[in-house]
Amino acid sequence: MSVFSIFPMERNDVKTLAELEQQCFSQPWNEQMLGEELDNRTAHFLVAKQDGVIAGYIGVFVVCESCYISNIAVFPCFRRQGAAKLLLQSACEIAFENGAESVSLEVRPSNNEAVSLYAKMGFEEVGLRKNFYRKPVEDALILTKTLS
């Protein structure tokens, strides 16, 4: 398994993360949207790097006792090497350190690899959002992990 290091997102990461969003999502966040999170006190955006190269990132919002993962993406050449798992672990640590009791996210049911990873990480299905995704239209599984 490759070695990744986790860092807080910095302004000079935003352009690469916007490019990653373009590769991974049908409704990607742009540079402005990502950059705005640098000034959001509830946002914790983390970047996984290998030898200084961005492999992926995760966007986390912690409000009161709740944590919501808005985005997680890994460049295709870094997938299945542990970056997403490390990002998820780091997000859960931040959530716990900030008083969150649980972490939630949405995922396309058709994203089998992600659904499998989330299950291995202790996330459980708690609901369904009908027609949540666009391009193509698809429901979203709501997954939650209780922190202890």
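Scope of the values below: all heavy atoms of this structure, side chains included, with no hydrogens, waters or symmetry mates.
Ion pairing between a basic and an acidic side chain is recognised when a charged N comes within 4.0 Å of a carboxylate O; E124 and K145 show no such pairing. A salt bridge links K49 to D13: at least one charged side-chain nitrogen sits closer than 4.0 Å to a carboxylate oxygen.
Side-chain atoms of E113 and Y118 include no donor-acceptor pair closer than 3.5 Å. With hydrogens and angles left out, the side-chain atoms of S110 and E138 include a donor and acceptor closer than 3.5 Å. A side-chain donor-acceptor contact under 3.5 Å links S104 and T144. Side-chain N/O atoms of N71 and E21 include a donor and acceptor closer than 3.5 Å.
No more than 12 heavy atoms of other residues, nucleotides or ligands sit less than 6.0 Å from atom CG of D51. Taking a 6.0 Å sphere around CZ of F96, one finds it holds 12 or fewer heavy atoms contributed by other residues, nucleotides or ligands. Enclosure of atom CZ in R134 by more than 12 non-hydrogen atoms of other residues, nucleotides or ligands within 6.0 angstrom is indicated.
Side-chain atoms of T16 and F75, non-hydrogen and from C-beta on, do get closer than 4.5 Å to each other. You'll find the side chain of T42 stays beyond 4.5 Å of the side chain of V62, heavy atoms only. You'll find the side chain of M9 stays beyond 4.5 Å of the side chain of L46, heavy atoms only.
By the ring pair (Phe, Tyr, Trp, His ring centres under 6.0 Å) test, F61 pairs with F45, sequence neighbours left out.
Of the options H44, E36, E37, a side-chain contact (heavy atoms from CB on, under 4.5 Å) to N40 is made by E37 and by none of the others.
A donor-acceptor pair is defined here as one N or O able to donate and one able to accept, closer than 3.5 Å; such a pair exists between the side chain of S90 and the backbone of L86. Using a distance-only test at 3.5 Å, with no hydrogens or angles considered, a donor-acceptor pair links the side chain of S26 to the main chain of K135.
Distance SG/C77 to CD/Q50: 9.0 Å, rounded to 0.5 Å.
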